[in-house]
Amino acid sequence: MILEKSFYEGRTESVAKRLLGTYLVHNSPGGTTVGRVVETEAYLFSGDPACHAHKGMTKRNRAMFGPSGTSYIYLIYGMYYCFNVVTAAEGVGEAVLIRALEPVEGIDLMIERRGGRPDLKNLCSGPGKLVMAMGMDARLDGQSLASKRLQLLSREAFAPRFATSKRPKVTTTTRIGINKGAELPLRFYLTGNEFVSRK
DNA sequence: AGCAAGATTAGC
DNA sequence: CTAATCTTGCTA
């Protein structure tokens with residue numbers, strides 16, 4: 001099932017944890033790819049200087065102020081894109097960065113898009129890598145995650161083998177690659193998962 | 001108008 | 001460890 005509005009209710013930190021184990025689906029003209037979310041980071045409007053929305057709305061972060069369940073995609077270092085899920089109500093400005101996926105479907109296509117290296121653990125183990133493997137780009141910025149093109153599905157919807165497991169065990173750490181707000185414990189990943197960007 | 005920094009990655 | 005590469009946002 002596509003995630004409903006109620007899924008995004010609560011603090012963004014909580015939603016960031018809740019997003020672990022959900023499935024991201026991208027239906028592109030080239031084919032469909034699916035990845036299981038295994039690593040996330042929360043970015044808060046208040047008290048978090050690393051958050052793009054921290055100083056208010058700009059041309060780049062406009063999508064962050066959209067309703068929960070909106071995609072926020074931006075260009076980083078002039079050459080990679082990062083994909084976020086807006087997790088707060090419209091006008092608030094908070095999001096969760098998806099940092100790693102476990103490849104589930106369309107793996108051949110992912111390998112092709114990532115330069116042909118058939119290394120599953122290296123396919124989506126980073127925010128830039130997973131956007132590349134999934135075939136996403138800036139055109140998806142601001143789009144709903146309940147659309148034909150792009151969807152976020154519940155844990156139960158995909159792979160029954162995970163449906164029986166209760167709440168997955170989650171490890172909390174500080175976020176990666178930031179200078180401001182680096183001490184905040186806002187990075188979450190499935191404990192022991194092999195597909196995270198970094199342990 | 002000019003410039004430094006950035007939620008990264010691949011390659012040496 | 002560093003280059004690649006470019007947009008944003010701040011300073012002048």
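A, B, ... follow the sequence lines: proteins, then strands. Residue 1 opens every chain.
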Can you pull out the residues from [range] that lie within a 4.0 Å heavy-atom distance of DNA chain B?
| range | answer |
| --- | --- |
| residues 8-19 of chain A | none |
| residues 49-72 of chain A | A:Ala50, A:His52, A:Met64 |
| residues 109-125 of chain A | A:Arg114, A:Arg117 |

Exercise for the section: Evaluate the side chain to side chain contact (heavy atoms under 4.5 Å, CB included) criterion for residues A:Leu152 and A:Val85: first the C-alpha distance (whole Å), next the side-chain angles of each, then the deciding distance (0.1 Å), finally the verdict. Expected result: CA-CA 9 Å; A:Leu152 209 42; A:Val85 176; 3.9 Å; yes
Exercise for the section: Look at the side chain of A:Glu41 and the backbone N and O of A:Ile176, then say whether any donor-acceptor pair between them is shorter than 3.5 Å. Expected result: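 Answer holds: yes.
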Could you go through residues 26-33 of chain A and list every donor-acceptor pair under 3.5 Å that involves a side-chain atom there, pairing it with any protein atom two or more places apart or in another chain?
residue, atom, partner, partner atom, Å
A:His26, ND1, A:Met134, O, 2.7
A:His26, NE2, A:Arg149, NE, 2.9
A:His26, NE2, A:Arg149, NH2, 3.4
A:Asn27, OD1, A:Thr32, OG1, 2.8
A:Asn27, ND2, A:Lys148, O, 2.8
A:Ser28, OG, A:Gly30, N, 3.3
A:Ser28, OG, A:Gly31, N, 3.4
A:Ser28, OG, A:Gly31, O, 2.9
A:Ser28, OG, A:Arg113, NH2, 2.8
A:Thr33, OG1, A:Met134, O, 3.3

Handout entry: Residues in contact with DNA chain C, drawn from residues 127-138 of chain A - heavy-atom cutoff 4.0 Å
Key =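 Those residues: none at all.
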Problem - DNA chain C contacts among residues 81-101 of chain A, heavy-atom distance under 4.0 Å - result: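 Those residues whose heavy atoms fall under 4.0 Å from DNA chain C, taken from residues 81-101 of chain A, amount to none.
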Problem - Greater than 12 external heavy atoms within 6.0 Å of A:Met57's CE - result: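 Yes, the 6.0 Å shell around CE holds more than 12 heavy atoms from other groups.
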What donor-acceptor contacts under 3.5 angstrom involve side-chain atoms of residues 64-74 of chain A, with partners at least two apart or in another chain?
residue, atom, partner, partner atom, Å
A:Thr70, OG1, A:Pro67, O, 2.7
A:Ser71, OG, A:Leu140, O, 2.8
A:Tyr72, OH, A:His52, ND1, 2.7

Exercise for the section: Among Ile, Leu, Val, Met, Phe, Trp and Tyr joined by side-chain contacts under 4.5 Å, find the other residues sharing a cluster with A:Leu184 and list them by chain and number. Expected result: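 Via sub-4.5 Å side-chain contacts, A:Leu184 links to A:Leu44, A:Leu186.
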Problem - Qualifying residues under side chain to side chain contact (heavy atoms under 4.5 Å, CB included), relative to A:Ala88, sequence neighbours excluded - result: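 With neighbours one apart ignored, the set is A:Val92, A:Glu94.
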Practice task
Calculate the interatomic distance between A:Lys180 atom NZ and C:dG9 atom P; express it in whole Å.
Solution key: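 Taking NZ of A:Lys180 and P of C:dG9, I get 11 Å after rounding.
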Practice task
Ignoring hydrogens and angles, state whether a donor on the side chain of A:Lys121 or A:Ser125 is under 3.5 Å from an acceptor on the partner side chain.
Solution key: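 Result is no, nothing qualifies.
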So which protein N/O to nucleotides 2-5 of chain C N/O distances come out below 3.5 Å?
residue, atom, partner, partner atom, Å
C:dT5, O2, A:Tyr77, O, 2.4

Problem - P atoms of C:dT5 and B:dG2, separation to the nearest Å - result: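 Roughly 22 Å separates the two P atoms.
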Completion exercise
Parsed dot-bracket for DNA chain C after applying the Watson-Crick and G-U rules with both distances under 3.5 Å and | for other-strand partners is ||||.||||||.
Exercise for the section: Would you grab the first and last nucleotide of DNA chain B (5' to 3') that comes under 4.0 Å of any non-hydrogen atom in chain A? Expected result: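 Terminal contacting nucleotides, 5' to 3': B:dG6 to B:dA10.
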